[in-house]
Amino acid sequence: MPKVTIDGSEIEVPHGITVLQACEMAGKEILRFCYHERLSIAGNCRMCLVEVSPGPPKPAASCALPVGEGMEIKTDSDMVKKARNGVMELLLINHPLDCPICDQGGECDLQDQAMAYGHDSSRFEENKRSVKDKNMGPLVKTIMTRCIHCTRCVRFATEIAGVPELGMLGRGENAEITSYLEKSLESELSANVIDLCPVGALTSKPYAFISRPWELTKTESIDVMDAVGSAIRIDARQTEVLRVLPRLNEDVNEEWLSDKARFAVDGLKKQRLDRPYIRVDGKLRESTWQEAFAVIGNKIKSVEADRVAAIVGDQCDAESMIALKDLMDFIGTKNIDCRQDGAKLSSHDRSLYLFNSTIAGIESADSVLLVGTNLRWEAPLINTRLRKAWINNNLKAASIGPDLNLTYPINNLGSRANIINSIAEGKHPFCEVLKNSDRPAIILGMGALSRPDGTAILKMAKKIADDYGLIKEGWNGFNILHTAASRVGALYIDFMPSQGGRDVENIISGSSNGEIDLVYLLGADEIDTSKLGKSFVIYQGHHGDLGAHSADVILPGAAYTEKNGTYVNTEGRVQITRQAVQPPGNAREDWTIIRALSDVIRANISYDTLGDVRERLTEVNPLFDRINEIVTPDWTNKSPSEFIEDGPIHSAIQNYYMTCPISRASETMAKCSQELITTLGNRTGTNG
């Protein structure tokens, strides 16, 4: 390892790193605009200049200079300061004086660094140049006159998102960053260029002129728009969530965030349930909590236990689900389920319903078989990990299902489910790829597991894992990709029908034919509610979505930004959401509603605080006490497989921008759906 001297202090650094990285290891802050740890080195901005000896008697760009043995580096010499002042003067020559009205104000790297290295006047007398703004879709606002050509956005689109739709045209003062053919960015990660832009050239279109950063209350939380569990920061003003930004979490989302997680939050202001309702003479009318609880209590007392059922939705926290499960246990019903999509999963073996490779670990896979999943829509940030595996490990990817463009080469083996039989029996050419791989993997999506023969697909996939070396010391390549943020948490507490109980499909059919008299929907909106007509329906949730339309009693709950809740992501990582704002009107946290209802029917539910509920969760499953940890499950022995029926496998999501009550109520997501869904659907092979 080479030894270098930085501002008079000697330090030993890893071989092959850059001078900029070495300086940061020594605790020195090096200014930069174009350099970013996760992007290739461009060396455009020249703000990271340092003095290096031995070497030429001029400043050197530290981001592109490898360290060498015996280097002496100065980061604060007179030469460095003069060079940085000169670079800043050149950058500001054509930059407009937009700071008072720029949405980047208060969060602008150029603004901050100009305070330290800018001049108090300009020597430039010519007219400033003006650049035409570009169309980058409904999410990214452009004011390209501010652009300093750092090319971060270009490199992100090409290297991380895998959609090379941005580039630079022209030379010198005529150079411009533009999208090809002036069209919208066709990526589920497009808004990350807003975070990357060090000036105000790319800003958030939905957030434009809404607020200043110093007006906002910042709350660290977890995203629930998919099952990845991305780390987010919720920025709110008083009672309103104004924006969501990504937080750094190397194990989950790195520092990126999907567009839906970022922009669907404007749906929190629309179609909200803020008071109880009861249905009288076929019409819903406003009610009090006491009246609504009395109606429910009387109905429960008049119904036999085996004619009661409960279904939980895709964004429920573990606290509310354990409260509802305890309530159903008191009533005596076995008809409970968490699988709105009908996925054929069991709660008895964790290794058969988790993403066992882990989200970060899938980067080391060298071959992968995708079955019934469109990663770009179901988990965009896991898709970026596989793209990274393709770049670094020459990943060989194949899919069974729709023909997909996942931003890296993928061999579509066909859409017929019985192809899995051929692979399991060793009769398919892809078998050789799996056999010759050091770290092969399989990812099963809900599109495959929600089929009637989903159990057979699961068992046959397990046979493939057993027979082709997917399970070995230090590696488990068997992965289930969930699309619901609540699913793994529900499986952890066994919110499933016990022996003799009904699953979702049989609960709905039982409601249709009169065998189920009462259905409790906890945030469940992704089922066919039109078939619940003969049952008394209790809907507890935060939006007037599909479930509320069919309800006889509506209990207003809190959204994920309005409560402290526990979620478990697709890899089994227990995570906590934090309350950023208060629920609207008379809405309450979901577990407290169920706790209050339990008093009306005299159920023995004894927890009165959030701490009590979490103690109950830990009592049911000790893993809830392992916050932000991955506890590796044991792999079960070989088990008999089942033959899979023929038929096409479809993706679980047909419209990426509208998958839950929040996103369906979002005006921004509606614009994205209208402008982008046809293009994206045609490109990814999931439309029609």
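Numbering of residues begins at 1 and proceeds along the displayed sequence.
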Name every donor-acceptor pair, under 3.5 Å, that has one atom in a side chain of residues 445-456 and the other anywhere in the protein, sequence neighbours excluded.
| unit_1 | atom_1 | unit_2 | atom_2 | d |
| --- | --- | --- | --- | --- |
| S450 | OG | D341 | O | 3.3 |
| S450 | OG | M446 | O | 2.8 |
| R451 | NE | D453 | OD1 | 2.9 |
| R451 | NH1 | G647 | O | 3.4 |
| R451 | NH1 | P648 | O | 2.9 |
| R451 | NH2 | D453 | OD1 | 3.3 |
| R451 | NH2 | D453 | OD2 | 3.0 |
| R451 | NH2 | E645 | O | 3.3 |
| D453 | OD2 | E645 | N | 3.1 |

Listed partners of [X] passing salt bridge (charged side-chain N to carboxylate O under 4.0 Å, His left out), at least two apart:
X	value
D266	none
R626	E629
D259	none
R616	D326, E619

NZ/NE/NH1/NH2 to OD/OE distance under 4.0 Å, [X] and [Y]:
X	Y	result
K563	E589	no
E188	K260	no
K344	E505	no
R247	E220	yes

Exercise for the section: Could you note down all residue pairs passing salt bridge (charged side-chain N to carboxylate O under 4.0 Å, His left out) where residues 296-311 supplies at least one of them, sequence neighbours left out? Expected result: R307-D517

Practice task
Return each pair, listed once, that meets salt bridge (charged side-chain N to carboxylate O under 4.0 Å, His left out) where at least one residue sits in residues 222-233; pairs must be two or more places apart or across chains.
Solution key: R233-D235

Taking distance alone, no hydrogens or angles, what donor-acceptor pairs closer than 3.5 Å link side-chain atoms of residues 277-285 to residues at least two apart or in another chain?
| unit_1 | atom_1 | unit_2 | atom_2 | d |
| --- | --- | --- | --- | --- |
| R279 | NE | A551 | O | 2.8 |
| R279 | NH1 | G282 | O | 3.1 |
| R279 | NH2 | H549 | O | 3.2 |
| R279 | NH2 | A551 | O | 2.8 |
| R285 | NH2 | E291 | OE2 | 2.5 |

Exercise for the section: Could you pull out all residues at least two apart from F263 that satisfy ring-ring contact (aromatic ring centres under 6.0 Å, His included)? Expected result: none

For [X], check side chain to side chain donor-acceptor pair (under 3.5 Å) against everything at least two apart and list the hits.
X	result
N655	S673
Y520	Q540
W289	none

